[in-house]
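Chain A is the first sequence line, chain B the second, and so forth, proteins listed ahead of strands; every chain is numbered from 1.
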2 protein chains.
Amino acid sequence: MKTKITLKELSKLLNVSVSTVSKALNDSPEISPKTADRVKELAALHNYRPNPVAVNLKKNKTGTIGVVIPNISNTFFAGVLSGMEAEAQKNNLQVITYISNESLDREKQICDLLTSGFVDGVLIAVSEETQRKQEYDHLFSLVDYEIPLVIYDRINIDIPADKVGVNDERSFYDATKFFKSKGCKRIGLASAIHHVGVGKLRMKGYQDGMAPDEMFTATSTNMDDLKTKIYKLITENDLEALLCTDFMSSILASRIAYEHNLKVPEDLKIIGYISSEIAEYLSPSISYIEQHAAEIGAKATELLSERIEGHKNSSEFSEVIVKTTMMHLESTTF
Amino acid sequence: MKTKITLKELSKLLNVSVSTVSKALNDSPEISPKTADRVKELAALHNYRPNPVAVNLKKNKTGTIGVVIPNISNTFFAGVLSGMEAEAQKNNLQVITYISNESLDREKQICDLLTSGFVDGVLIAVSEETQRKQEYDHLFSLVDYEIPLVIYDRINIDIPADKVGVNDERSFYDATKFFKSKGCKRIGLASAIHHVGVGKLRMKGYQDGMAPDEMFTATSTNMDDLKTKIYKLITENDLEALLCTDFMSSILASRIAYEHNLKVPEDLKIIGYISSEIAEYLSPSISYIEQHAAEIGAKATELLSERIEGHKNSSEFSEVIVKTTMMHLESTTF
DNA sequence: CTGAAAGCGCTTACAG
DNA sequence: CTGAAAGCGCTTACAG
């Protein structure tokens, strides 16, 4: 790599000291306007830019934040990253990306890196495995090192940190009420994530919207099994509407309609939890709950940036809920 | 942030010099085994890890690579990033992610950052706008700064750099020949990217596979317009098979079949250029050309890493083509 | 207003 | 085998 011009070289060319050059470029009031101009002119001429590594060493920081993502092929997380990157640029922070692939082991490795001084702060959504096993020691080690930390999306974890997520319970309550307001009586729920935190919250929202004796649910973590159960649920109860808590159940609902020639929305209305990218392109398109991924990412980054700047009380943590939006496509046309 | 233990503090505790501690931890043969053990023991006890910023300043590097991605919501690029991250970890490089959002201006800003010393090397797929306007000055400035550079995916650019991409022409030639081998005569092509590099290459592949007088093509950059054209193309020529060069045309083909009750694959076979995530979940599922995104990302990172290490001749550049695979789903069942 | 000096946390050529 | 010194490229308290 070409060696860039340094302060020292600049100072030699200008016949002033390194300190003077540094102060001039940093707009210090100590320096005379005349000198400042001379310095800046030559710096511009040589396209001088301070070596960020040196500046960071001096200031005892890294200028970077670490983002841990469970699965980047999930467009929700891709959107989150996009929001983070945009907000980070505004705060002059570089985003270092780590992908855990939903693996606890990988997540531990990453946290080990994170505590060794590569970043000024961390944004993390824990992996599925971590959630299931509820093993959070590696996250507490971030806390021990006093690395500013914001947890996003999967936020039902008992860790002292800022959190940014969505109101999962409310979104399903609202969706249920939406169907009721349209006169639907037999409303079912399908879930492949009934065993994890967010899944439980979404189911709770549905339950709160329904009378106890009028609920219809199909749950399984096995794709084929769930498919059979959903089909049975629909046909045996002559469902008018179906809520799906996750990607797999949403896709299965779409698939079942296609294979069994169920008319959607005529015979069955569907609301899924699925990315717009996919929901829009299914035939028929499936109405979905939009999570505003980029906004979640931006908000999380904003909170982290404030922590890094030290603007916030170190023992008080905020929990920000970014509201979801119901997006109506063909599957909920009345 | 908690202050981590430093070499100096360690040396004080051990009553040896900083140099000795440093050498001991770096397994220098200069140090006696006895001292080395003492040092390592205490370092382990305090969980000492060298400050990467200081190490990097000393070694005149950053330990990071910059990845520029046009659009992270495109699952192809998400997969590429995933491959890059995995390969970067192997080489002890941190990945700093920049998202250009297909914008030339943003790309210029990013390149400006990139030349100011944040990274040791750059992986870039240029934005659509950049490609269209063929404005590459900002990329040449990376070259001027002698920053190791690898261009991935959108590689038909005349810049002295390593490149990693796919054989677009060949993939469409093969797909065309596949249909022919199955006895199809009336094979059409739909494209929304006929005006850009890769689009032209894919069309070329199709043309080479067909006789000049038996080609059927529908092209437009406007969604509605393209939809009309594709439908006409299919019905007026009674097409047996359709190749789609890109996401939009693939989705439109799927949509047209749904709306007009065309039986796929009975009445029409389709091969699309679309991510597996979407192709698999359409009903019927659409056969597609798989680009092996993660492999492209890994290979690009490997090349970059070699450049950074200086293992390669600085005036010779490699161009790696990662072969595509035809993935057969329901839309090409014969 | 300018500059010499110290120092951020390391590594490494050199001396002993 | 160990350590003092120089230095990576900066910033900043201090002296003049």
Inset, instruction - Let me know the distance between CZ of Arg49(A) and C1' of dG9(D), rounded to the nearest Å. - result: 16 Å
Inset, instruction - Just call it for Val18(B): base, sugar-phosphate, or nothing, with non-hydrogen atoms closer than 4.0 Å on any strand. - result: base
Legend entry - Modelled atom types, side-chain donor and acceptor of Ser22(A) and Ser19(A), under 3.5 Å: no
Inset, instruction - Please check if any side-chain donor atom of Asp162(B) sits under 3.5 Å from a side-chain acceptor atom of Tyr152(B), or the reverse. - result: no
Inset, instruction - Considering only NZ, NE, NH1 and NH2 on the basic side and carboxylate oxygens on the acidic side, decide whether Lys299(A) and Glu295(A) come within less than 4.0 Å. - result: no
Inset, instruction - Measure from the side chain of Glu30(A), starting at C-beta and using heavy atoms only, and say which of dC10(C), dG3(C), dT11(C) lies closest. - result: dG3(C)
Inset, instruction - Quick one: label Thr35(B) by what it contacts on the DNA or RNA (base, sugar-phosphate, nothing), any heavy atom closer than 4.0 Å. - result: sugar-phosphate
Inset, instruction - Name the closest nucleotide to the Val55(A) side chain, picking from dC1(D), dC10(C), dC10(D). - result: dC10(D)
Legend entry - salt_bridge(Glu319(A), Lys163(A)) N-O dist < 4.0 Å: no
Inset, instruction - Test His138(A) against every option in Lys108(A), Gln109(A), Glu107(A) by the side chain to side chain donor-acceptor pair (under 3.5 Å) rule and name the one that passes. - result: Glu107(A)
Inset, instruction - Would you classify Asn56(B) as touching base, sugar-phosphate or nothing, given that sugar-phosphate means primed atoms plus P, OP1 and OP2, and contacts are heavy atoms under 4.0 Å? - result: nothing
Inset, instruction - Check every atom of dG3(C), dT12(C), dG9(D) against the side chain of Ala54(A) and return the nucleotide holding the closest atom. - result: dG9(D)
Legend entry - OP1 or OP2 of dG9(C) under 4.0 Å from side-chain N/O of Thr6(B): no
Inset, instruction - Check every atom of dG3(D), dG3(C), dC10(C) against the side chain of Lys58(B) and return the nucleotide holding the closest atom. - result: dC10(C)
Legend entry - Length of the line joining Asn26(B):CG and dT2(D):P, which is rounded to integer Å: 15 Å
Inset, instruction - Considering just the side-chain nitrogens and oxygens of Tyr48(B), establish if one lies under 4.0 Å of OP1 or OP2 belonging to dC10(C). - result: yes
Inset, instruction - For Ile5(B) and for Pro29(A), find the nucleotide of DNA chain C with the closest heavy atom, then tell me which residue's nucleotide is more 5'. - result: Pro29(A)
Inset, instruction - Classify the side chain of Lys4(B) versus the base of dG9(C) as yes if they form a donor-acceptor pair under 3.5 Å and no if they do not. - result: no
Legend entry - Out of dA4(D), dA4(C), dC10(C), whichever nucleotide has its closest atom nearest the side chain of Ser19(A): dA4(C)
Inset, instruction - Taking atom P in both dA4(C) and dG7(D), compute the distance separating them and give it to the nearest angstrom. - result: 16 Å
Inset, instruction - With heavy atoms under 4.0 Å as the rule, sort Ser22(B) into base, sugar-phosphate or nothing. - result: base
Inset, instruction - Look at Lys40(B) together with Asp27(B) and state whether they make a salt bridge at an N to O cut-off of under 4.0 Å. - result: yes
Inset, instruction - Report the nucleotide, chosen from dC10(D), dC8(D), dA13(D), that has the shortest atom-to-atom distance to any side-chain atom of Lys23(A). - result: dA13(D)
Inset, instruction - Compare side-chain N and O positions of Ser32(B) against OP1 and OP2 of dT2(D) and report whether any pair is under 4.0 Å apart. - result: yes
Inset, instruction - Check the distance between dC10(C)'s C1' and Phe118(A)'s CZ and give it to me in whole angstrom. - result: 14 Å
Inset, instruction - Starting at atom CG of Asn15(A), determine the distance to atom C1' of dA4(C), rounded to an integer number of angstrom. - result: 16 Å
Inset, instruction - Looking only at side-chain atoms of Leu57(A), point me to the closest of dT11(C), dG3(D), dG9(D). - result: dG9(D)
Inset, instruction - Name the nucleic acid region contacted by Pro33(A), choosing base, sugar-phosphate or nothing; use a 4.0 angstrom heavy-atom cut-off, strictly under. - result: sugar-phosphate
Inset, instruction - State, yes or no, whether a side-chain contact exists between Phe118(A) and Thr62(A) at a heavy-atom distance under 4.5 Å. - result: no
Inset, instruction - Write down the distance between NZ (Lys8(B)) and C1' (dA6(C)), rounded to a whole number of angstrom. - result: 10 Å
Inset, instruction - Starting from P on dG7(C), measure out to CG on Asn51(B) and report it in whole angstrom. - result: 18 Å
Inset, instruction - Hunt down the Watson-Crick or G-U wobble partner of dA4(D), both distances under 3.5 Å, from any strand shown, or write none. - result: none
Legend entry - Spacing of Leu25(B) atom CG relative to dT2(D) atom P, expressed in whole Å: 13 Å
Inset, instruction - Using Watson-Crick or G-U wobble geometry with both distances below 3.5 Å, tell me the partner of dA13(D), or none. - result: none
Inset, instruction - Round to a whole Å and report the spacing from NZ of Lys59(B) to P of dA13(C). - result: 12 Å
